[in-house]
Amino acid sequence: MSSIVPIFLELSTILILAAAVSLAMRFLRQPLIVGYIATGMLVGPYALNILHSRDEMELFSKIGISILLFIVGLTLNPDIIREVGRVSFITGVGQVVFTSIIGFFIIRLLGFDILASAYVAIALTFSSTIIIFKLLTDRGDTGRLYGKISIGFLLVQDLIATIILLTVTALGAVSAVGGGPFGTSSIIGIELIRLFVWGGFISLFLYWVSKRILPKLVSYVGGNQEVLFVFSIAWGLGLASLFHVISFSIEIGALIAGVMLAVSPFAYEIGARMKPLRDFFILIFFVLLGAQMVLGQLFSVLVPVVVLSLFILIGNPLIVFVLMNLLGYRTRTAFMAGLTVAQISEFSLILAALGYSLGHINQEVVSLVTLIGVVTIAGSTYLIIYADQIYARLRGLLEIISIRKRHHREARASHDNPDIIIFGYDRVGNEFVSAASGISLNYLVVDYDPHAVRRLQEQNIPFRYGDAEDIEFLQEIGFQSARMIISSIPDHATNLILVRFYRKTNPAGVIITLAHQVRDAEELYAAGASYVVMPHHLGAHHAALMISRHGLKTAGFEAERNAHLAKLAKRRVV
């Protein structure tokens, strides 16, 4: 017990400092990753020297990386990759190729050896899917053309990063074995072949599991959200451990675990539920990175940090701009998409940490990549926040440097952010679906009952499985920008959360909810509800109107009865 208490006190102190630094980051409108790395520098040996339990923190950071990659895997739905199409693939691959080649020669000119230059050059190529998705969501641009393309080529980059992590794992295995009688290159080839053969068998097996077993299993556990949460953790960490046992990396296993669940209707809810857990453990990862930075070498890497950060902030967007210009996209679309690659990602930091653990690079290189991450993540945030103003100032220059002056007609991207969101389907939600489909085809139904989800799938009704009380989930589905919200959920507390959050972000939209008590209806109206449906009152009102209309004529009531029975039969079939 006595050995646990110091670790507990140490972790508590780090979290308190992280919370304080995070408040400063929020005031400066910076991503919290920057604050976490700054906290690590603060608790490290060059400042307060608080962090001593490195083994325990390494364990926490490993869990954080696994959960992060698991959630990234949940976004790698093959349908999304197909939807974004040719431009995302060409732009994603092209940016990786050009950034790595140009970056490699710049780093070599700065005096680094070949292996360190290769690691840093590859680290410079990847942009943060998570940060960009969050910034695009805040801007409400995930459904715009440049937003769709950006998310597409970021996902392509994530796939490339997966292959690179696999290759680094193979190189690590070769280092452990040694050169051998056939030479290092032969062993590398044999090791890669062995890993890819293993990977092929495992992939086929997991593909069979994902088709035959996983859908039924997930559908069963999805009936209870707590069980779904525990299952998700077990699945992600369990598959990560399995891949480690068969000589792959934990990171690859966690990513593939997410990919296997990406096509599940419960993927959004799983991701939303896992994010708080990810945020806690990944905090430790970035704190540890910051603590490991060798500040004594800060001045020795200062020039490379400045040069390479400028390359990322200016060169990467320029590469994407040129590629999209050559593909025929308009100047504004190419410019806005280019800004989304003006930073390095979590994958870059993970790759640097992995290279250091394998002995391929030294601490100075890890510090270099981490500092570039801090500078570029902070800088790109401002670029995206003020993208419209920056484009207005640079428009003339961008037109001059455009290689292709004539652009093809850009098709309007289908908007991910729905016009109408309906919460709850089984009760009276199907009535609202009929009404919503007559107003706009861009509507979405949200439910967390697996049986309702199955019916929505069968009827090809757009839906998301998720919890109406989960704010992060609401943000992901475009809740704030929807023009109309309809809730058939009977729970008053949930409806109050929906109304208050919607009114906080969208004062002009329409939100309709249910209530069974007069005082509940009054509270919802006070919170900003557009209209509150009270089923008992409406039912009594409808019956009173029928009585007034038909009086004592039995024929009129017989017609109403038959119409009602027909409607009930139709609903039962549905």
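Here the structure is a predicted model, which is why all the values come from computation and not from measurement.
Residues meeting the ring-ring contact (aromatic ring centres under 6.0 Å, His included) test with Phe281, sequence neighbours left out: Phe60. Judged as a salt bridge (Lys or Arg N to Asp or Glu O under 4.0 Å), and not counting sequence neighbours, the contacts of Arg500 are Glu523. Applying the salt bridge (Lys or Arg N to Asp or Glu O under 4.0 Å) rule to Glu560 yields the partners Arg549; only residues at least two apart in sequence or on another chain are considered.
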Worksheet item: Going through the checks in order, is the side-chain contact (heavy atoms from CB on, under 4.5 Å) test met by Val532 and Leu514?
Response: CA-CA 5 Å; Val532 179; Leu514 259 62; over 6 Å; no
Worksheet entry | Steps toward side chain to side chain donor-acceptor pair (under 3.5 Å) verdict (Ser402, Arg330) | CA-CA 10 Å; Ser402 295; Arg330 298 186 185 277; over 6 Å; no
Worksheet entry | Intermediate values then yes/no, side-chain contact (heavy atoms from CB on, under 4.5 Å), Val230 and Ile233 | CA-CA 5 Å; Val230 174; Ile233 298 174; 5.8 Å; no
Practice prompt. List the steps and the verdict of side-chain contact (heavy atoms from CB on, under 4.5 Å) for Phe70 and Ile270.
Written response: CA-CA 10 Å; Phe70 176 65; Ile270 292 171; 4.0 Å; yes
Worksheet entry | Residue pair Thr331, Glu399: steps toward the side chain to side chain donor-acceptor pair (under 3.5 Å) verdict | CA-CA 7 Å; Thr331 304; Glu399 293 288 352; 3.2 Å; yes
Worksheet item: Could you go step by step and tell me if Thr513 and Val499 meet the side-chain contact (heavy atoms from CB on, under 4.5 Å) rule?
Response: CA-CA 8 Å; Thr513 64; Val499 173; 3.7 Å; yes
Worksheet item: For Arg519 and Glu522, what are the C-alpha separation, side-chain angles and deciding distance, and is it a salt bridge (charged side-chain N to carboxylate O under 4.0 Å, His left out)?
Response: CA-CA 5 Å; Arg519 62 176 177 273; Glu522 290 174 342; over 6 Å; no
Discussion item. Using the rule given for side chain to side chain donor-acceptor pair (under 3.5 Å), can you reason through Ser380 versus Gln343, listing the C-alpha separation, both sets of side-chain angles and the distance that settles it, and then say yes or no?
Written reply: CA-CA 6 Å; Ser380 66; Gln343 84 290 124; 3.2 Å; yes
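Taking each heavy atom of Ser66 and Ala254 in turn, the nearest pair found is O-CB, 3.2 Å. Taking every heavy atom of both residues into account, Gly551 and Phe557 meet most closely at O-CE1, 3.3 Å. Of all non-hydrogen atoms in Trp235 and Val209, the two that sit nearest each other are CH2-CG1, 4.3 Å. Of all non-hydrogen atoms in Pro317 and Leu313, the two that sit nearest each other are CG-O, 3.3 Å. When all heavy atoms are compared, the tightest approach of Ala342 to Leu383 is CB-CD1, 4.0 Å. The two residues Met324 and Ala334 have their closest heavy-atom pair at CB-CB, 3.8 Å.
Once rounded to the nearest 0.5 Å, the distance linking CD1 of Ile485 with CG of Asp419 reads 10.5 Å. To the nearest 0.5 angstrom, Ile284 atom CD1 is 12.0 Å from Asp279 atom CG. The CZ atom of Arg332 sits 9.0 Å away from the CZ atom of Arg395 when rounded to the nearest 0.5 Å. Note that OG1 of Thr125 and CD1 of Ile319 are 10.0 Å apart. Values are rounded to the nearest 0.5 Å. Summarising the geometry, atom CD1 belonging to Ile384 is positioned 6.5 Å from atom CG belonging to Leu339; distances are rounded to the nearest 0.5 Å. Atom CG of residue Asn506 and atom OG of residue Ser481 lie 8.0 Å apart, to the nearest 0.5 angstrom.
Results of the side chain to side chain contact (heavy atoms under 4.5 Å, CB included) test with Phe153 over Ile90, Thr340, Val93 single out Thr340 as the only residue that passes.
Looking at Tyr386, its side chain never comes within 3.5 Å of a backbone N or O of Thr381 through a donor-acceptor pair. When atom types are taken as modelled, the side chain of Ser22 and the backbone of Ala18 share a donor-acceptor pair closer than 3.5 angstrom. In this structure a side-chain-to-backbone donor-acceptor pair under 3.5 Å is missing from Asp520 to His516. Side-chain atoms of Ser88 never come within 3.5 Å of backbone atoms of Ser150 as a donor-acceptor pair (strictly under, hydrogens ignored).
At least one side-chain heavy atom of Val433 sits under 4.5 Å from a side-chain heavy atom of Ile461. At least one side-chain heavy atom of Leu228 sits under 4.5 Å from a side-chain heavy atom of Tyr465. Side-chain contact check for Tyr443 versus Met484: every heavy-atom pair is 4.5 Å or farther apart. At least one side-chain heavy atom of Leu394 sits under 4.5 Å from a side-chain heavy atom of Ile390. Counting heavy atoms from C-beta outward, Leu326 and Val322 have side chains that approach closer than 4.5 Å. Within the 4.5 Å cutoff, the side chain of Arg273 has no heavy atoms near those of the Ser232 side chain. You'll find the side chain of Ile420 stays beyond 4.5 Å of the side chain of Leu444, heavy atoms only. Counting heavy atoms from C-beta outward, Gln480 and Leu474 have side chains that stay 4.5 Å or more apart.
Note: Phe286 and Tyr36 have parallel aromatic rings, judged against thresholds of 30 and 60 degrees for the angle between ring planes.
In this structure, Tyr391 has its ring center closer than 6.0 angstrom to the ring center of Phe335.
Within a 6.0 Å sphere centred on CZ of Phe280, other residues, nucleotides and ligands contribute more than 12 heavy atoms. Dense packing is recorded around CZ of Arg503, with more than 12 heavy atoms of other residues, nucleotides or ligands lying under 6.0 Å away.
Under 4.0 Å is where a charged nitrogen must lie from a carboxylate oxygen, and between Arg393 and Asp388 no such pair does.
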